[in-house]
Amino acid sequence: MNVHYYSFLGLFCLLNSFETPEQNKACVTEFVLLGFPGQRETQNFLFTLILVFYLLTLLSNGAIICAEKWDRRLHTPMYILLGNFAFLEIWYVSSTVPNMLVNILSETKTISFSGCFFQFYFFFSLGTTECFFLSVMACDQYLAICHPLHYPSIMTRKFCVILVCVCWMSGFLCYPVPIVLISQLPFCGPNIIDHILCDPGPLFALACVPAPSAELICYTFNSVIIFGPFLSVLGSYTLVLRVVLRVPSGAGRTKAFSTCGSHLMVVSLFYGTLMVMYVSPASGNTAGMQKIITLVYSAVTPLLNPLIYSLQNKDMKDALKKVLGLRISQN
């Protein structure tokens with residue numbers, strides 16, 4: 001993570017050194033994130049609610065990581081993916097929620113220019129990594145259910161580690177281009193972002209000059225990143241459901257439908273909110289609706305994912321009981 005941070009910092013500083021004198025005369029040095037407006041009682045309620053979601057997300061995903069590390073039965077590709085996914089969720093929610101909580105209590109609600117773009121970079125890079133992980137985990141489900149005999153030879157531990165590394169590296173290598181394009185736009189005021197985090201839409205709106213080319217590039221970029229993994233997930237679960245429908249046992253078919261249905265629910269919630277925000281240009285959503293949608297995919301889905309992907313798995317539930325000190329006596 002430090003390597004990505006300092007590499008991006010060096011690139012950011014280098015590019016900003018080429019600003020023109022006209023841009024330097026009136027340059028925005030900080031932004032104001034309005035967040036959720038309202039009375040102090042409303043602000044306190046939102047602070048408590050988001051803090052509870054954040055702490056539960058850290059606890060649940062942290063427990064999954066510990067369970068995967070400490071229980072030798074979980075040292076398999078499926079649980080390696082799940083452990084990395086839980087680790088990703090902790091970083092994903094931590095890239096925005098702490099600043100969101102501070103912003104609710106703050107009177108000025110300011111964030112520095114560089115801080116805004118660092119948040120933008122890490123949040124979107126981690127979100128992209130999550131898209132890739134969801135795709136890989138869906139493919140893993142497909143192989144395990146549709147090709148159980150070939151699964152051990154295909155999804156080896158080495159291949160699983162390679163997939164994990166590709167997801168992490170691809171996620172962090174995707175967004176420097178949009179970040180550089182937007183950060184080089186002239187921002188000469190106003191500096192008020194009517195949102196809960198630094199997002200490309202409000203930043204484009206604050207630029208002193210229109211940038212249709214940069215907007216088109218970012219829109220195309222977001223569409224490819226969202227739709228590519230989403231279609232992969234949809235295809236994997238479609239093939240899985242075709243196989244499940246042929247299962248002769250009613251109980252087995254019901255269990256498989258329940259598992260796939262819950263996974264698809266979380267995937268649909270995550271990708272659906274992303275599509276509404278980033279694949280629908282000028283969709284007409286009000287600022288308040290955009291904040292709620294952003295809160296869903298930035299703070300709610302990271303809490304739902306470990307519950308859906310882990311608590312329906314017997315081995316993971318047993319391991320979590322041990323981690324949480326609830327180990328039951330074995331027969």
* Asked: How far does CD of Gln141 sit from CG of Leu81, to the nearest 0.5 angstrom?
  -> 10.0 Å
* Test side-chain contact (heavy atoms from CB on, under 4.5 Å) on Tyr151 and Asp140 and set out the steps. => CA-CA 9 Å; Tyr151 179 80; Asp140 179 71; 2.6 Å; yes
* Asked: With the 4.5 Å side-chain cut-off for hydrophobic clustering, are Leu295 and Leu105 part of the same group?
  -> yes
* To do: Show the numbers, then the answer: is there a side-chain contact (heavy atoms from CB on, under 4.5 Å) between Leu82 and Met137?
  => CA-CA 8 Å; Leu82 189 57; Met137 291 168 71; 3.9 Å; yes
* Asked: Does the side chain of Pro210 come within less than 4.5 Å of Phe204's, by heavy atoms?
  -> no
* About how many Å separate OG1 of Thr96 and CD1 of Ile196, when rounded to the nearest 0.5 Å? -> 7.5 Å
* Do you know the tightest heavy-atom contact between Ser125 and Phe172? -> CB-CD2, 3.8 Å
* **salt bridge (Lys or Arg N to Asp or Glu O under 4.0 Å) contacts touching residues 183-208 (sequence neighbours left out)** => Asp194-Lys291
* To do: Is it possible for you to say whether Ile308 and Leu58 belong to one hydrophobic cluster, with membership spreading through side-chain heavy-atom contacts below 4.5 Å?
  => yes
* To do: Please step through side-chain contact (heavy atoms from CB on, under 4.5 Å) for the pair Ile193 and Leu34, ending with a clear verdict.
  => CA-CA 6 Å; Ile193 299 176; Leu34 290 184; over 6 Å; no
* If two hydrophobic side chains count as joined below 4.5 Å and joins carry through other members, does Leu55 share a cluster with Val97? -> yes
* Cluster overlap Val300 with Val276, hydrophobic side-chain contacts below 4.5 Å -> no
* Asked: Should we count CZ of Arg40 as having more than 12 external heavy atoms under 6.0 Å?
  -> yes
* Asked: If Ile, Leu, Val, Met, Phe, Trp and Tyr residues are connected whenever their side-chain heavy atoms lie under 4.5 Å apart, and connections chain through other members, are Phe122 and Leu181 in the same group?
  -> no
* Structure fact -> What one should report as the nearest heavy-atom pair of Met155 and Pro77 is O-CG, 3.1 Å
* Asked: Given Glu68 and Asn84, is the side-chain hydrogen bond (donor to acceptor under 3.5 Å, both in side chains) satisfied, shown in steps?
  -> CA-CA 9 Å; Glu68 192 272 328; Asn84 273 273; over 6 Å; no
* **Ring center gap for Tyr142 and Tyr237 short of 6.0 angstrom** => no
* So do the side chains of His150 and Leu143 get within less than 4.5 Å of each other, counting heavy atoms only? -> no
* To do: Of all the heavy-atom pairs spanning Leu134 and Val267, show the shortest one and how long it is.
  => CD2-CG2, 4.4 Å
* **Beyond-backbone contact of Thr129 with Ser170, side-chain heavy atoms, under 4.5 angstrom** => no
* Taking all non-hydrogen atoms of both residues, which atom of Val233 and which atom of Ser135 are closest, and how far apart? -> CG2-CA, 3.6 Å
* Measuring from Asn99:CG to Phe118:CZ, what's the distance to the nearest 0.5 Å? -> 14.0 Å
* To do: Check whether any side-chain heavy atom of Val93 sits under 4.5 Å from a side-chain heavy atom of Ser298, and report yes or no.
  => no
* To do: Output, in order, the C-alpha distance, side-chain angles, deciding distance and verdict of side-chain contact (heavy atoms from CB on, under 4.5 Å) for Ile80 and His75.
  => CA-CA 7 Å; Ile80 291 174; His75 293 178; 5.9 Å; no
* **For Gly35 against Pro37, the heavy-atom pair lying closest together** => O-CD, 3.3 Å
* To do: Answer yes if the ring centres of Phe230 and Tyr271 are under 6.0 angstrom apart, and no otherwise.
  => yes
* When rounded to the nearest 0.5 angstrom, what is the spacing between CZ in Phe123 and CG in Leu197? -> 5.5 Å
* Asked: Does a side-chain heavy-atom distance below 4.5 Å link Phe133 with Val164?
  -> yes
* Structure fact -> ring pair (Phe, Tyr, Trp, His ring centres under 6.0 Å) filter on Tyr54, not counting sequence neighbours, yields none
* Backbone N or O of Leu33 within a donor-acceptor pair of the Lys109 side chain at under 3.5 Å? -> no
* Measure the spacing between OG of Ser153 and NE2 of His147 and express it to the nearest 0.5 Å. => 11.0 Å
* Would you indicate whether the side-chain heavy atoms of Leu74 and Lys69 approach each other to under 4.5 Å? => no
* Does any non-hydrogen side-chain atom of Ile225 lie less than 4.5 Å from one of Tyr175? -> yes
* Asked: When Phe124 is tested against each of Cys174, Cys198, Pro200 for side-chain contact (heavy atoms from CB on, under 4.5 Å), which residue passes?
  -> Pro200
* **Backbone N/O of Thr301 and side chain of Asn305: donor-acceptor pair under 3.5 Å** => yes
* To do: For the residue pair Ile65 and Phe85, establish whether any side-chain heavy-atom pair is separated by less than 4.5 Å.
  => no
* Where do Pro302 and Tyr297 come nearest, in terms of heavy atoms and distance? -> CD-O, 4.0 Å
* Asked: Judged by atom type as modelled, is there a donor-acceptor pair below 3.5 Å linking the side chain of Ser183 to the main-chain atoms of Val180?
  -> yes
* To do: Might you work through the side-chain hydrogen bond (donor to acceptor under 3.5 Å, both in side chains) test for Asn61 and Glu89, ending with a clear yes or no?
  => CA-CA 7 Å; Asn61 284 287; Glu89 292 289 51; 5.8 Å; no
* Asked: Is the Phe113-Phe117 ring centre distance short of 6.0 angstrom?
  -> yes
* Structure fact -> OH of Tyr121 to SG of Cys116, rounded to nearest 0.5 Å, is 15.5 Å
* Asked: Between Gln43 (side chain) and Phe36 (backbone), is there a donor-acceptor pair under 3.5 Å?
  -> yes
* For this output row, return yes or no: ring centroids of Phe31 and Phe187 closer than 6.0 angstrom. => yes
